[in-house]
Novice: 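Quick one: the structure is below, and I'll ask about it shortly.
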Amino acid sequence: MAERVRFWLLDINYEDTPQGPEVYLWGIDKQGRRVVVVDREFLPYFYAVVSGEADPGEVLRRVEAASKPYGLVKCELVDRRLFGKPVKAVRVVLRNSENLEKCAEDVGKLEGVSECLEDDIRLSVRYLIDNGVNPCDWNEVEASERSVGELRVDALYTAKGKAQPVEEELPPPDLRVMALYMVARASAGSPKAERDPVVVLSTLNSEGELKTFTADGLSDKELLESFVEYVLRYDPDVIVGYGSNKVLWPYLMKRCELNGVKLSVGRTGAEPHTSLYGHVSITGRANVDLFDFVRDIPDIKLKTLESAAEFFGIPRPEEELGVEEYEVPRLWDSEEGRGRVVRFAEERVRMVMALSDSLLDFAVQLSRVVGMPLDYVGTAAVGFKVENFLMRQAYRFGELVPKRVERPYMPYVGALVLKPKPGVHEDIAVLDFSSMYPSLMIKYNISPDTLVPEGEEAEEVYTAPEVGHRFRKEPPGFYRRVLSELLKVRSEIRERIKKLDKSSRLYRVLDARQRAVKTITNACYGYAGWTGARWYIRPVAEATTAWGRATIRETIKTASELGLEIVYGDTDSVFVKYDPEKVEEFLKTVEERIGLRIKPDKIYKRVLFTEAKKRYAGILEDGRIDIVGLEVARGDWAEIAKRVQRDVIEIILREGDVRKAVSRVREYIAKVKSGKVPLKDLVIWKTLTKELDEYKVRAPHVEAAKRLLEAGWELTLGDKVGYVIVKGPGRLYEKAKPYVMASPDEVDTDYYVKKQVIPAAMRVLKVFGVRERDLTSTTLFSYSM
DNA sequence: GCAATCCACGTACCG
DNA sequence: ACCGGTACGTGGATTGCG
């Protein structure tokens with residue numbers, strides 16, 4: 001008996017069987033039952049593009065013959081587009097996905113076939129695209145129920161028709177979330193799965209149940225077994241962790257392997273496995289590593305669980321254990337320490353859950369918007385998210401997906417940045433073009449498929465300034481269609497949530513969705529200029545920035561015609577003296593002349609510029625202070641230096657009192673000299689951007705990294721190294737010591753005064769004629785403001 | 001021979 | 001594995017003086 005099954009799609013996977021592939025759609029239905037729908041009707045395929053001069057019928061026969069040995073199901077001639085150009089293609093449908101790429105390779109060599117496309121799209125991705133099925137949203141399918149057998153679900157269905165999205169906007173179901181935090185005991189440095197057991201594994205679920213597993217003796221076998229049992233008993237939909245893709249799951253997998261424990265936590269009873277983009281996949285559930293989302297929040301400089309929690313205003317644990325993560329394994333050796341480690345793990349798992357409350361909505365909506373399953377939307381780089389989104393759109397337009405090809409890097413000219421007028425300015429309005437690059441791409445129909453190749457005749461084109469690339473005015477290009485849709489969807493959502501209660505579930509969901517849409521919209525220009533992009537066409541990116549520069553130049557010209565003084569500008573913004581009438585006139589004129597929306601973003605009561613571009617600080621009417629580009633905004637300065645600079649900026653912007661600022665700096669200097677500053681505030685964090693042996697010059701953070709490695713710590717590319725500068729002779733890199741190995745009394749306080757505190761303070765103070773000796777001596781100084 | 005100067009390297013920011 | 005534009009500290013090579 002077939003019935004209509006509605007389900008919210010949580011995970012998708014497929015298995016090849018001799019009879020063909022089986023696609024598994026894991027979800028939650030309206031009654032809150034965990035269900036899986038198996039679709040056996042969906043077959044893999046690719047396209048063989050017919051060369052312009054070849055006879056399609058002839059090519060079809062040739063392709064058919066060549067595909068036979070690969071389990072051909074059918075071959076058909078279809079009309080598609082490639083970069084906007086109509087093409088004939090043979091759609092080759094095979095029984096099994098294993099043979100797809102091999103078959104395409106053979107077919108690609110045939111006469112009359114210019115290339116094969118889309119053989120590199122995974123079947124599960126293909127399924128989502130072709131059926132328009134949305135991960136993290138409601139879909140439905142005609143299906144008949146069967147017995148669930150071994151599967152860990154409430155119901156199993158066999159699809160009798162094609163799955164499709166539910167058009168109606170429905171709230172998501174309540175997800176069962178489980179947070180994890182693991183402590184392994186390391187003898188030195190980082191724990192090694194081959195050697196060091198897991199000693200504590202804390203879990204917390206969305207019902208508030210906290211369950212901690214501990215290892216008593218040397219073996220963690222029982223811990224692992226009871227954990228697996230518990231996961232199956234609670235049956236989470238989403239498992240969240242912090243660093244779980246790279247550390248937690250691989251660690252558990254290795255420990256289970258060594259202990260002969262089956263880590264069968266998936267809904268098929270399968271063990272976790274590493275999959276696309278390096279995420280760990282747990283069949284039937286969504287494994288979400290919150291670190292992946294924190295990584296993409298630039299305001300969180302240090303990507304630790306604590307600083308992420310702090311950023312989201314998550315209250316610190318009640319019991320301040322004063323334990324650093326790196327000390328935990330050592331504590332395990334003492335009787336008293338073990339209790340602390342357990343409480344530590346439990347505090348941390350609460351933080352993971354709290355972080356999930358702040359991030360999961362966005363993750364879910366990002367998955368929904370780009371159409372990638374929830375478990376790997378976080379691990380995929382921005383470029384791939386955009387691309388996944390574009391692939392779904394391309395299918396709707398009958399556009400073939402271009403192959404990924406390796407290309408040489410070819411730089412092009414970017415945005416225009418104005419020199420600031422140094423000093424303090426009063427009442428400055430920041431005016432910016434909203435979504436400038438997307439808007440320009442829409443306005444001038446900039447797109448891979450509208451570009452007129454050099455030398456080709458065409459009328460009715462837009463010609464980019466400076467670079468001369470031409471784009472057909474009609475029909476609307478791929479990017480114009482996609483971007484207008486994105487902008488429209490976002491503004492609709494924003495309009496809709498205005499009427500909603502901010503604390504309501506729907507508000508949170510829709511707000512997260514509009515942020516996800518914004519993320520993708522803003523990334524489209526960058527995607528267009530990425531040589532790794534399937535739809536990369538350099539002139540597209542180059543023309544976009546060229547029109548951007550022309551736009552801002554025209555804006556500047558308009559301002560000067562209206563007698564409006566511009567004090568700064570960057571890419572899509574101008575900072576002007578806030579004269580309300582003039583500004584209004586200006587905004588109107590710019591919109592008329594250029595045809596793009598420009599609006600006041602913020603108004604600074606006071607704003608301070610140094611000589612440098614991209615660095616300033618301003619105070620708003622409500623007293624909030626923005627600090628842009630300066631040391632305060634950077635993650636690679638010691639906290640103490642940033643604090644000095646923040647204080648100086650605040651004093652100057654709020655009170656205009658340079659003298660007070662100077663004496664504040666003097667206080668800080670005295671404090672640093674006295675050695676009263678905690679080590680934590682002296683740590684400098686820098687990222688390892690390449691393998692240690694690839695560095696051409698010796699650098700402090702690289703030397704510190706080497707010392708950590710020697711001491712048994714694990715460090716990989718992309719990790720941040722925290723070090724302090726200690727007393728001693730020689731180069732700076734010889735004096736850099738990992739902060740976990742340093743003690744407060746060996747700190748080179750002189751370095752922190754001369755190279756951290758003073759430069760950070762002087763950056764701002766030299767605007768007022770303050771000299772370095774004004775900070776180090778106690779004599780009087782003069783200044784002007 | 002050595003200090004001053006310059007430039008490349010490296011990192012992180014802005015929009 | 002998203003773009004180019006920009007600032008700035010540090011190391012190391014080069015330059016300039018003698």
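Chain A is the first sequence line, chain B the second, and so forth, proteins listed ahead of strands; every chain is numbered from 1.
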Novice: Could you check whether A/Phe609 gets within reach of a base, just the sugar-phosphate, or nothing at all, counting any heavy atom under 4.0 Å?
Specialist: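 Since no nucleic acid heavy atom lies under 4.0 Å of A/Phe609, the category is nothing.
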Novice: Measuring to OP1 and OP2 of B/dC13, would you say a side-chain N or O of A/Tyr616 lies under 4.0 angstrom away?
Specialist: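 For B/dC13, OP1/OP2 do not have a side-chain N/O of A/Tyr616 under 4.0 Å.
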Novice: Heavy atoms only, 4.0 Å cut-off, all strands: where does A/Gly635 land among base, sugar-phosphate and nothing?
Specialist: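 Sugar-phosphate, backbone atoms only, no base.
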Novice: Rounding to an integer number of Å, can you tell me how far A/Asp719 CG sits from B/dA12 P?
Specialist: 12 Å
Novice: Tell me the interatomic distance from A/Gln756, atom CD, to C/dC8, atom C1', rounded to whole angstroms.
Specialist: 12 Å
Novice: Categorize A/Gly414 for me: base, sugar-phosphate, or nothing, with a 4.0 angstrom heavy-atom threshold over every strand shown.
Specialist: sugar-phosphate
Novice: Pick the nucleotide of DNA chain C nearest each of A/Ala415 and A/Trp530; which residue has the one closer to the 5' end?
Specialist: A/Trp530
Novice: Hey, does A/Ala541 reach any base, or is it just sugar-phosphate, or nothing, if we go heavy atoms under 4.0 Å?
Specialist: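 No contact.
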Novice: From B/dG15, B/dG10, B/dA12, pick the nucleotide closest to the side chain of A/Lys696?
Specialist: B/dG10
Novice: Under 4.0 Å, heavy atoms only, any strand: does A/Arg698 hit a base, just the sugar-phosphate, or nothing?
Specialist: sugar-phosphate
Novice: Is A/Glu703 salt-bridged to A/Lys735, going by a charged N under 4.0 Å from an acidic O?
Specialist: no
Novice: Answer yes if the ring centres of A/Tyr616 and A/Phe609 are under 6.0 angstrom apart, and no otherwise.
Specialist: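 Yes, close enough.
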Novice: Taking any heavy-atom pair under 4.0 Å as a contact, classify A/Tyr437: base, sugar-phosphate, or nothing.
Specialist: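 Here A/Tyr437 touches no strand at all.
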Novice: What is the distance from CE of A/Met410 to P of C/dG4, rounded to the nearest Å?
Specialist: 12 Å
Novice: Is A/Asp681 salt-bridged to A/Arg643, going by a charged N under 4.0 Å from an acidic O?
Specialist: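 Yes, charged N to carboxylate O under 4.0 Å.
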Novice: OP1 or OP2 of C/dG11 sitting under 4.0 Å from any side-chain N/O of A/Arg731?
Specialist: yes
Novice: Touch check for A/Val386, heavy atoms < 4.0 angstrom, all strands: base, sugar-phosphate only, or nothing?
Specialist: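 Nothing: the residue A/Val386, judged by heavy atoms under 4.0 Å, touches no strand.
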Novice: Nearest to the A/Val413 side chain among C/dG4, C/dG5, C/dC2, which nucleotide is it?
Specialist: C/dG5
Novice: Is A/Lys246 salt-bridged to A/Asp289, going by a charged N under 4.0 Å from an acidic O?
Specialist: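 Salt bridge absent between A/Lys246 and A/Asp289.
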Novice: What is the nucleic acid contact for A/Val702, judged by heavy atoms within less than 4.0 Å: base, sugar-phosphate only, or nothing?
Specialist: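 It contacts nothing in the nucleic acid.
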Novice: Measuring from the side chain of A/Ala612 (C-beta onward, heavy atoms only), which nucleotide among C/dG4, C/dT10, C/dA7 has the closest atom?
Specialist: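 Selected nucleotide (nearest to the side chain): C/dA7.
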Novice: Side-chain N or O of A/Ser573 versus OP1/OP2 of B/dG15: is the shortest distance under 4.0 Å?
Specialist: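 For B/dG15, neither OP1 nor OP2 has a side-chain N or O of A/Ser573 closer than 4.0 Å.
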Novice: Is the shortest side-chain N/O distance from A/Tyr751 to OP1 or OP2 of C/dT10 below 4.0 Å?
Specialist: yes
Novice: Check the phosphate of B/dA8 against A/Tyr695, side-chain N and O only, distance under 4.0 Å to OP1 or OP2. Yes or no?
Specialist: no
Novice: For C/dC8 and A/Arg615 - does any side-chain N or O of the residue sit under 4.0 Å from the phosphate oxygens OP1/OP2?
Specialist: yes
Novice: Can you label the angle between the A/Tyr444 ring and the A/Trp547 ring as parallel, tilted or perpendicular, going by 30° and 60°?
Specialist: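 Because their plane-to-plane angle is under 30°, the rings of A/Tyr444 and A/Trp547 count as parallel.
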Novice: Using the benzene-type ring in the case of Trp, are the ring centres of A/Phe384 and A/Trp530 under 6.0 Å apart?
Specialist: yes
Novice: Ignoring the backbone of A/Lys613, work out which of B/dG15, C/dT6, C/dT10 is nearest its side chain.
Specialist: C/dT6
Novice: Nearest of B/dG15, C/dC2, B/dA12 to any side-chain atom of A/Ala523?
Specialist: C/dC2
Novice: Starting at CH2 of A/Trp637 and ending at P of C/dA7, how long is that distance when rounded to a whole Å?
Specialist: 15 Å
Novice: In this structure, how many angstroms lie between the C1' atom of C/dT6 and the CZ atom of A/Arg763, rounded?
Specialist: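 Whole-Å distance recorded here is 13 Å.
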Novice: For a quick check of understanding: with a heavy-atom distance under 4.0 Å over all strands, which category does A/Pro298 fall into, base, sugar-phosphate or nothing?
Specialist: nothing
Novice: To the nearest Å, give me how far apart NZ (A/Lys735) and P (C/dT10) are.
Specialist: 11 Å
Novice: A/Tyr527 and A/Tyr536: aromatic ring centres closer than 6.0 Å?
Specialist: no
Novice: Please state whether the phosphate of C/dG9, meaning OP1 or OP2, lies under 4.0 angstrom from any side-chain nitrogen or oxygen of A/Lys755.
Specialist: no
Novice: So A/Tyr568, base contact, sugar-phosphate only, or nothing? Heavy-atom distance under 4.0 Å.
Specialist: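 Contact class for A/Tyr568: none.
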Novice: Tell me what A/Ala699 touches on the nucleic acid: a base, only sugar-phosphate, or nothing, going by heavy atoms under 4.0 Å.
Specialist: nothing
Novice: With a 4.0 Å cut-off on heavy atoms, is A/Tyr536 in touch with a base, just the backbone sugar-phosphate, or nothing at all?
Specialist: nothing
Novice: Roughly, in whole Å, what's the span from CG in A/Asp299 to C1' in B/dA12?
Specialist: 14 Å
Novice: Picking from B/dC13, C/dT6, B/dG10, which would you name as closest to the side chain of A/Ala633?
Specialist: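 Given the options B/dC13, C/dT6, B/dG10, the side chain of A/Ala633 is closest to B/dC13.
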Novice: Do A/Tyr723 and A/Trp685 touch side chain to side chain, with heavy atoms closer than 4.5 Å?
Specialist: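 They are not in contact (no side-chain heavy atoms under 4.5 Å apart), so the answer is no.
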Novice: May I ask you to verify if any side-chain N or O of A/Lys614 is less than 4.0 angstrom from the OP1 or OP2 atom of B/dA12?
Specialist: no
Novice: A/Lys301 NZ to B/dC14 P: how many Å, rounded?
Specialist: 6 Å
